[in-house]
Amino acid sequence: MHVAIIMDGNGRWASLRHLPRSAGHHAGAKAVSAAVEAALRHGITTLTLYAFSAANWSRPGAEVSALFALLRRHLLTQTQRCLDESIRINVIGRRDRLPADLCQSIERSEQATAHCRGMRLRIAVDYSSQHSLVEACRRLQSEPDVDRARFAERLADVDHATAPAPEVDLLIRTGGEQRLSDFLLWECAYAELLFVDCLWPDFDQPAFQHALEAYGQRERRFGRVVADTLARANHG
Ligand code: IPE
Ligand code: IPE
Ligand code: MG
């Protein structure tokens with residue numbers, strides 16, 4: 001099962017406490033650890049977290065730097081834990097605009113956990129789905145007979161993904177907004193969408209479990225008519 005999360009609401013969490021936005025991002029980083037733990041416990045095979053969108057470059061420079069510093073620290077401190085739990089780290093998104101020290105940390109964490117065969121932890125940084133889709137199309141221009149599998153491979157290359165991601169089963173967005181903000185538009189073609197009001201720093205392990213329970217209540221039909229509806233219609 002692939003769960004993707006738009007981790008939104010750090011700024012509002014901080015404002016509610018009369019703290020600077022950076023304090024919200026610090027609290028948000030702790031919530032990342034809780035989500036990874038919960039995903040592991042529930043046997044999620046791929047977890048994709050939206051950490052920094054391409055659109056987030058339009059935030060104040062100090063906030064962007066603080067977010068990158070946090071991400072770098074998170075990679076430095078969490079890689080050993082990922083090794084212990086056999087979690088493979090993969091940062092998806094553009095690399096050409098990231099600071100060199102962050103790129104180095106990303107590469108180090110990816111290399112160190114490349115052999116891990118447990119959960120895949122994908123972190124989206126400088127990510128824009130529309131950018132990735134256009135770039136994948138551009139790279140496919142000279143290739144004949146492109147099918148979905150080939151397209152997904154190209155998309156993975158563009159995103160620096162170690163492999164094409166499985167389709168997203170459940171997309172969670174915290175913070176109450178009901179939009180995708182340019183996240184995994186191809187991969188979420190048939191995802192169940194769950195928008196929760198909880199602000200990201202408050203999204204703890206029980207909240208993750210509630211989200212999975214809500215997902216469990218959904219009926220995924222993929223365009224079909226479900227068997228018992230069909231039986232009732234035919235007999236009644
Ligand atoms: C999500 O929280 C973190 C990032 C986008 C990097 P926000 O910073 O967007 O928090 P709000 O939405 O302003 O509360
Ligand atoms: C989406 O949150 C991006 C991340 C969580 C990294 P934003 O707060 O940037 O999105 P908008 O501005 O509400 O669409
Ligand atoms: Mg936001």
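As the structure is a computational prediction, the values presented were derived from the model and not from experiment. Counting starts at 1 for both ligands and their atoms, in listed order.
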Short N-O contact, [X] and [Y], less than 4.0 angstrom:
X	Y	answer
Glu110	Arg95	yes
Asp157	Arg154	yes
Asp145	Arg150	no
Glu135	Arg139	yes

Just verifying a value: how many Å separate Arg218 CZ and Leu170 CG, rounded to the nearest 0.5 Å?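 Arg218 atom CZ to Leu170 atom CG measures 7.5 Å (nearest 0.5 Å).
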Backbone or side-chain N or O of Asp8 under 3.5 Å from ligand 1 N or O: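 Such a contact does occur with ligand 1.
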Does Gln130, at its CD atom, have more than 12 non-hydrogen atoms belonging to other residues, nucleotides or ligands within less than 6.0 Å?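 At most 12 heavy atoms, drawn from other residues, nucleotides or ligands, come within 6.0 Å of this atom.
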What atoms of ligand 1 come closer than 4.0 angstrom to any heavy atom of Arg21?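 Counting atoms of ligand 1 from 1, those under 4.0 Å from Arg21 are 7 (P), 8 (O), 10 (O), 13 (O).
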Numbering as shown, the atoms of ligand 1 that approach His25 to under 4.0 Å (heavy-atom distance):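 Counting atoms of ligand 1 from 1, those under 4.0 Å from His25 are 3 (C), 8 (O).
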Apply side chain to side chain donor-acceptor pair (under 3.5 Å) to the pair Gln209 and Glu213, showing each step before the final yes or no. CA-CA 6 Å; Gln209 186 171 336; Glu213 283 164 6; 3.3 Å; yes
Atoms of ligand 2 close to Met7 [distance to a heavy atom under 4.0 angstrom, numbered from 1]: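 Those atoms are 5 (C).
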Distance under 4.0 Å to a non-hydrogen atom of Phe52: what atoms of ligand 2 satisfy this?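 Selected atoms, number and element: 6 (C).
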For the residue pair Phe151 and Trp186, does the interplanar ring angle fall in the parallel (under 30°), tilted (30 to 60°) or perpendicular (over 60°) class?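 Aromatic pair Phe151/Trp186 classed tilted.
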Relative to the ring of Phe183, is the ring of Tyr50 parallel (under 30°), tilted (30 to 60°) or perpendicular (over 60°)?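 The arrangement is parallel - the two ring planes meet at less than 30°.
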At under 4.0 Å between heavy atoms, which part of Asn56 makes contact with ligand 1: side chain, backbone, both or neither?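 Side chain only.
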Checking contacts here: is it the side chain or the backbone of Ser53 that comes within 4.0 Å of ligand 1, counting heavy atoms only? Could be both or neither.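 The answer is neither; Ser53 stays 4.0 Å or more away.
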Looking at ligand 1, does Gly9 have a heavy atom less than 4.0 Å from it?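 Gly9: in contact with ligand 1 (<4.0 Å).
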Can you tell which of Arg179, Arg59, Glu177 gets a heavy atom nearest to atom 13 (O) of ligand 2?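 It is Arg179 that holds the nearest heavy atom.
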Can you tell me if, anywhere in Asp8, an N/O/S atom lies at a distance from the Mg ion (ligand 3) that is smaller than 2.8 Å?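 Checking the Mg ion (ligand 3) against Asp8, an N, O or S atom does fall under 2.8 Å.
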Is ligand 2 less than 4.0 angstrom away from at least one heavy atom of Arg12?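 Arg12: no contact with ligand 2 (<4.0 Å).
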Residue-ligand contact Ala55/ligand 2, heavy atom below 4.0 Å: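 Checking ligand 2 against Ala55, which is what was asked, there is no heavy-atom contact under 4.0 Å.
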Nearest-neighbour protein heavy atom for [atom], which is reported as residue plus atom name and distance:
atom	result
atom 6 (C) of ligand 1	Ala51 O, 3.3 Å
atom 14 (O) of ligand 2	Ser181 OG, 2.6 Å
atom 10 (O) of ligand 1	Gly11 N, 2.9 Å

Sole residue of Asp169, Thr45, Thr48 in side-chain hydrogen bond (donor to acceptor under 3.5 Å, both in side chains) with His2: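 Only one option passes, and that is Thr48.
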